[in-house]
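This is a predicted model, so every value here is computed, not measured. We count ligands from 1, going down the list as the structure has it; atoms in each ligand are counted the same way.
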Amino acid sequence: MEKSTRNLKNLKFYVHTFGCQMNENDSERIAGILSTAGGKISSSPEESDIIIVNTCAVRKKSEEKLYSYLGRLASSKKKKKRTIGVVGCVAQLYGPELLEKKSFIDFVLGPDNYNLITEIIQSNHEEKFASTSWSREYKEIPHEKIFRESNISAYVTIMEGCNNFCSYCIVPFTRGREKCRPLQKITQEIQNLANKGYKEIQLLGQNVNSYKDPETEKDFSVLLKEANRIIAIEWIRFITSHPKNFTKNIAETMKGSEKVCHQLHLPVQSGSSSVLKRMNRGYTREEYLEKITFLRDLMPDISLSTDIIVGFPGETEKEFKETLSILEEVRFNNIFSFRYSPRPFTGAYKEKDNVSFEEKKRRLIEVQNLQKKIQLELNESTIGKVMKVLCTGKSKKAPRIYSGRNEGYQVVNFKSKNDVIGCFVDVHITSCGPYSLHGEATKQ
Ligand code: SAH
Ligand code: SF4
Ligand code: F3S
C-alpha cells in the first residue's frame, strides 16, 4: 500500500516567533521552505492549517510565555484540526518530552533540523515526530528560499552555537557548539540581497567575533572586509560580540570599512570583576573598559549598547553598585537589562539563587532609571543635528510619521512630505525622549 502523503499546496501556515534575531532569521527560513513547497503564508493563526512556534529558552519567563501561548493553541485546535510544530531552543532542550506532555503538538524540531520540516508535514503521519540532533557543521538552507520580513534590511546568519559556557547561559545547550558558515556562502547571500535592492545587512551569530571560515580559516575581520566590497549594500552591522573575542583588529576593520556602522553591541553583564569571574565571562571590568577606551579613541562617534544581568547568585550590594558605576562611566546609548533567571544545565544552576525576587526587582529598576537619565542626556545632545536615517516604515502610533534608525541604531521618528520608505533620509533632530529621537526630513 502506498504511504499517504499530504500536498502542501494551498495549505495555509503561520509562524510565531519568540526570542532573538537568530530565531527571527530561522523563522524566515522556515517560512521560505514551506512557501517553496507550495504553502501559503498567513498572518492569522486561526485561519491556518499549520502553526509553527519558534521558541526561546533564555530565561524562565521566555519559557512561560511559550507555555501560555501553547495553552491557547491547544484550545483552538479543539475547534479546527491543524498541525502544530514546536521548533527552536525549547524544542531542542526538551524534545520528545514536549510531545509526551503536550498531546496537541504534532512535531518538535531543534534548530539544526529545519531541513526536515516539509517532509514531516507532507508525510501526514499519524505518529508524532521529534528530532533534536546536532550537526557538527553549519546546516545550509538555500538563501534564495528565505522569506524575509523586510525588503530594506536583512539578517544574514554567519555562525551558530556557542563554546563559551557563561555560567548563567542556556544557549550552548540549545544551539550546541560553534559552527561557522562558509565565507563564500555568506558573500553570495549578501550579493544576492544587494541585487534585490537591500540597503542594510545585519550579520548574526551568538558570538560573531570568533567567526572562522571552515575552509580557509579567514576570520571575522576578513568577512567584514569582503562584505564591505559588495556594491549597493550601504550599511553593515553585526550582533553579538563577546568582549573577550573583540580584538583591536576588528575595531580597526570597522573604522577602515566605510559601510560598517560605527555601532557596537558589547554585552558586559556586570560591572564587578568578581561577578564576571563567577559568570565565567573571561574578562575583568578593567579589561572591558580598556576596550571601550580603545574603541572611542578610534571612532569617537561610536554608538555603544550592552546587556546587564542583576541579581546573579551571591551578588552583593557592593558588586551591584559596580554595575551602576560602569553604566555611569561608559554612558551606553542603549542597554537591555534582565533579572537573573536560573536555567537548567548551566553552571550557576547549582548555586543558590540567593538574591530575593524583590531585591532583583529593586536592582533592575535602579539600573533602568539610571540608564533612562543617561539616555535622555545623550539624546538631548543630538537636538539641532542633522543625521542620516534609513527609513524602514511608518510609525505604529502616528501613521503620518515615518520611522527608521540612524547609524547608531537609535530609533528616529520624523515628518516627511514624500514617501521615503526604503530610502536614506537626512533628518533634522528637533526633540527626543529617552528611547527615540524625533525630527523632520531636511529635503522635502
Ligand atoms: N551571545 C548571545 C546571548 C544571548 S542571550 C547572543 O546575543 O546571541 C542575550 C542576553 O540575555 C545575554 O547577554 C544576557 O544578558 C541575558 N541572559 C542570558 N541568560 C540569562 C539568564 N539566565 N538570566 C538572565 N538573563 C540572561
Ligand atoms: Fe533565546 Fe538564546 Fe535561543 Fe535566541 S539563542 S532563541 S536568545 S535561547
Ligand atoms: Fe551565552 Fe555567553 Fe555564549 S551569554 S551565548 S554562553 S557567550
Side-chain angles (χ1 to χ4, degrees), residues 16-27 30 53-66 86-94 109-112 132 155 157-179 202-211 237-246 264-271 275-276 278-283 288 305-313 315 323 332 334-351 353 355 357 360-361 363-364 367:
H16 189 92
T17 312
F18 292 94
C20 59
Q21 292 91 339
M22 190 71 96
N23 261 17
E24 284 173 23
N25 191 219
D26 281 350
S27 291
I30 292 170
V53 191
N54 195 357
T55 61
C56 174
V58 76
R59 282 168 289 276
K60 191 155 178 258
K61 217 158 101 184
S62 342
E63 260 191 55
E64 283 167 357
K65 274 198 232 157
L66 163 69
V86 176
V87 304
C89 291
V90 179
Q92 178 67 41
L93 279 187
Y94 303 120
L109 291 177
D112 280 353
T132 54
Y155 293 132
T157 297
I158 65 162
M159 53 122 37
E160 268 222 67
C162 182
N163 295 347
N164 286 318
F165 294 91
C166 302
S167 66
Y168 52 80
C169 187
I170 202 166
V171 174
F173 305 92
T174 69
R175 296 269 175 179
R177 295 300 74 72
E178 283 178 6
K179 296 167 277 253
Q202 302 204 37
L203 306 173
L204 299 183
Q206 265 87 31
N207 192 12
V208 291
N209 309 138
S210 63
Y211 177 82
R237 308 177 186 278
F238 51 89
I239 29 174
T240 296
S241 292
H242 193 301
K244 171 169 68 86
N245 304 106
F246 191 87
L264 183 66
H265 183 64
L266 198 63
V268 67
Q269 314 296 357
S270 165
V275 173
L276 288 171
R278 303 205 294 280
M279 286 179 165
N280 193 29
R281 288 290 286 173
Y283 55 87
Y288 183 89
S305 59
T306 203
D307 290 346
I308 297 286
I309 298 177
V310 299
F312 185 75
E315 186 188 63
T323 293
F332 293 98
N334 194 14
I335 69 162
F336 300 89
S337 50
F338 313 99
R339 286 187 300 266
Y340 168 70
S341 165
R343 304 308 291 135
F345 312 109
T346 61
Y349 195 58
K350 297 174 212 84
E351 309 293 322
D353 180 20
V355 180
F357 179 78
K360 281 181 191 156
K361 219 164 111 182
R363 290 182 189 180
L364 188 68
V367 159

Considering the heavy atoms of F165, write down every atom of ligand 3 situated less than 4.0 Å from one of them.
6 (S)
Enumerate the atoms of ligand 2 whose separation from the nearest heavy atom of Q206 is less than 4.0 angstrom.
5 (S)
In terms of heavy-atom contacts, N280 and S167 come closest through CB-N, 4.1 Å
Under a 4.5 Å cut-off applied to non-hydrogen side-chain atoms, are F345 and L93 in contact?
yes
Shortest non-hydrogen contact from P267 toward P243
O-CG, 3.3 Å
F332 vs H265 side-chain heavy atoms within contact, under 4.5 Å:
no
Taking only heavy atoms of H242, which atoms of ligand 3 are found under 4.0 Å from at least one of them?
7 (S)
Pull out every atom of ligand 3 sitting under 4.0 Å from any heavy atom of V171, numbered as shown with elements.
5 (S)
If you take all heavy atoms of C169 and P172, which pair is closest and at what distance?
O-CD, 3.5 Å
Does K361 reach the side chain of R339, with side-chain heavy atoms less than 4.5 Å apart?
yes
Can you name the salt bridge (charged side-chain N to carboxylate O under 4.0 Å, His left out) partners of D353, sequence neighbours left out?
K360
For ligand 3, which part of R175 has a heavy atom less than 4.0 Å away: the side chain, the backbone, both, or neither?
neither
Any side-chain heavy-atom pair from I335 and V367 closer than 4.5 angstrom?
yes
Tell me, which pairs form a salt bridge (charged side-chain N to carboxylate O under 4.0 Å, His left out) where one or both residues lie in residues 159-170, sequence neighbours left out?
E160-R175
Near-ring test F338/F312, centroid separation under 6.0 angstrom
no
At less than 3.5 Å, what protein N or O atoms come close to the N or O atoms of ligand 1? Include the distances to 0.1 Å.
residue	atom	partner	partner atom	Å
ligand 1	1 (N)	Q206	O	2.8
ligand 1	7 (O)	T240	OG1	2.6
ligand 1	11 (O)	R59	NH1	3.0
ligand 1	13 (O)	Q269	NE2	2.8
ligand 1	13 (O)	D307	OD2	2.6
ligand 1	15 (O)	Q269	OE1	2.7
ligand 1	17 (N)	R59	NH1	3.4
ligand 1	22 (N)	Y168	O	3.0
ligand 1	22 (N)	S341	O	2.7
ligand 1	23 (N)	S341	N	3.0
ligand 1	25 (N)	R59	NH1	3.4

Is the shortest heavy-atom distance from the side chain of S270 to the side chain of Y340 under 4.5 Å?
no
For residues V208 and L204, report the shortest heavy-atom separation together with the two atoms involved.
CG1-C, 3.8 Å
Do the side chains of E351 and R278 get close enough for a salt bridge, i.e. N-O under 4.0 angstrom?
no
In terms of residue, atom name and distance, what is the protein heavy atom nearest to atom 1 (Fe) of ligand 3?
C169 SG, 2.3 Å
Do any protein N, O or S atoms sit under 2.8 Å from atom 3 (Fe) of ligand 2, and which ones are they?
C89 SG
Under 4.0 angstrom from ligand 2, any heavy atom of Q21?
no
Answer side chain, backbone, both or neither: which part of Y168 comes under 4.0 Å from ligand 3, heavy atoms only.
side chain
Using the six-membered ring wherever Trp is involved, compare the ring planes of H242 and Y283 and label them parallel, tilted or perpendicular (cut-offs 30° and 60°).
perpendicular
What pair of heavy atoms forms the shortest contact from Q206 to C162, and how long is it?
CB-CB, 4.3 Å
With a heavy-atom distance limit of 4.0 Å, tell me whether P172 approaches ligand 3 through its side chain, its backbone, both, or neither.
side chain
Just go through C20, C166, S210 and tell me whose heavy atom is the nearest to atom 6 (S) of ligand 3.
C166
Would you check whether R281 reaches within less than 4.0 Å of ligand 3, judged by its heavy atoms?
yes
Measure the distance from atom 3 (Fe) of ligand 3 to every protein heavy atom, then report the residue, atom name and distance (to 0.1 Å) of the closest one.
C162 SG, 2.2 Å
